[in-house]
S.K.: 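Quick one: structure below, then a few questions.
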Amino acid sequence: MALAAAVLPLVGGLANVLAVEACSSRLRLTLRDDALGQQDALQTLPGVLMVLTQGGQLQVALGARAGLVCREVRRMLDLAR
């Protein structure tokens, strides 16, 4: 999925992702170094509705596609490890 591939470099790459989860509308990323998360750049990606930091997570609002993007990021993480 192109959106998952576009998100990863803007959060510091696979090595910076400690955990990834999704709720009904948000991709929730726990990062090693929060400073590497480029919120303004993430906001410009097609399909991204909102980006915020809450509860120690970088949250990317994607609507109904959040679960699909989460599964793809997890797959990429598994391949990288």
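Counting from 1, the numbers follow the sequence of the chain as shown. Keep in mind it's a predicted model, so treat the numbers as computed, not measured.
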S.K.: For residues V48 and Q43, report the shortest heavy-atom separation together with the two atoms involved.
M.R.: O-NE2, 3.8 Å
S.K.: Could I get the full list of salt bridge (charged side-chain N to carboxylate O under 4.0 Å, His left out) partners for R74, not counting sequence neighbours?
M.R.: none
S.K.: With clusters defined by side-chain heavy atoms of hydrophobic residues (ILVMFWY) lying less than 4.5 Å apart, directly or transitively, does L14 cluster with L3?
M.R.: yes
S.K.: Apply side-chain hydrogen bond (donor to acceptor under 3.5 Å, both in side chains) to T53 and list each qualifying residue two or more places apart in sequence or on a separate chain.
M.R.: Q39
S.K.: Taking side chain to side chain contact (heavy atoms under 4.5 Å, CB included) as the test, write out the residues that go with A4, two or more places apart.
M.R.: V69, E72, V73, M76
S.K.: Return the CD to CD distance between Q54 and Q59, rounded to the nearest 0.5 Å.
M.R.: 5.0 Å
S.K.: Measuring only between side-chain heavy atoms, which start at C-beta, is L77 closer than 4.5 Å to V20?
M.R.: yes
S.K.: Do you know which two heavy atoms are closest between A66 and C23, and how far apart they sit?
M.R.: CB-O, 3.9 Å
S.K.: Which value, rounded to the nearest 0.5 Å, describes the distance between Q57 atom CD and L18 atom CG?
M.R.: 11.0 Å
S.K.: Could you tell me whether the side chain of L29 reaches within less than 4.5 Å of the side chain of V7, counting heavy atoms only?
M.R.: yes
S.K.: Among Ile, Leu, Val, Met, Phe, Trp and Tyr joined by side-chain contacts under 4.5 Å, find the other residues sharing a cluster with M50 and list them by chain and number.
M.R.: L52
S.K.: Cluster partners of L36, using ILVMFWY side-chain heavy atoms under 4.5 angstrom, listed by chain and number?
M.R.: none
S.K.: Which value, rounded to the nearest 0.5 Å, describes the distance between L49 atom CG and R65 atom CZ?
M.R.: 8.0 Å
S.K.: Restricting to pairs with a member in residues 15-24, which pass side-chain hydrogen bond (donor to acceptor under 3.5 Å, both in side chains), not counting sequence neighbours?
M.R.: none
S.K.: side-chain contact (heavy atoms from CB on, under 4.5 Å) between L31 and V17: does it pass, once the steps are laid out?
M.R.: CA-CA 5 Å; L31 305 177; V17 178; 4.2 Å; yes
S.K.: Quick one, L58 and L42 - any side-chain contact, counting heavy atoms below 4.5 Å?
M.R.: yes
S.K.: With a 3.5 Å distance limit and no angle check, can you tell me whether R32 reaches the backbone of A15 through a side-chain donor-acceptor pair?
M.R.: yes
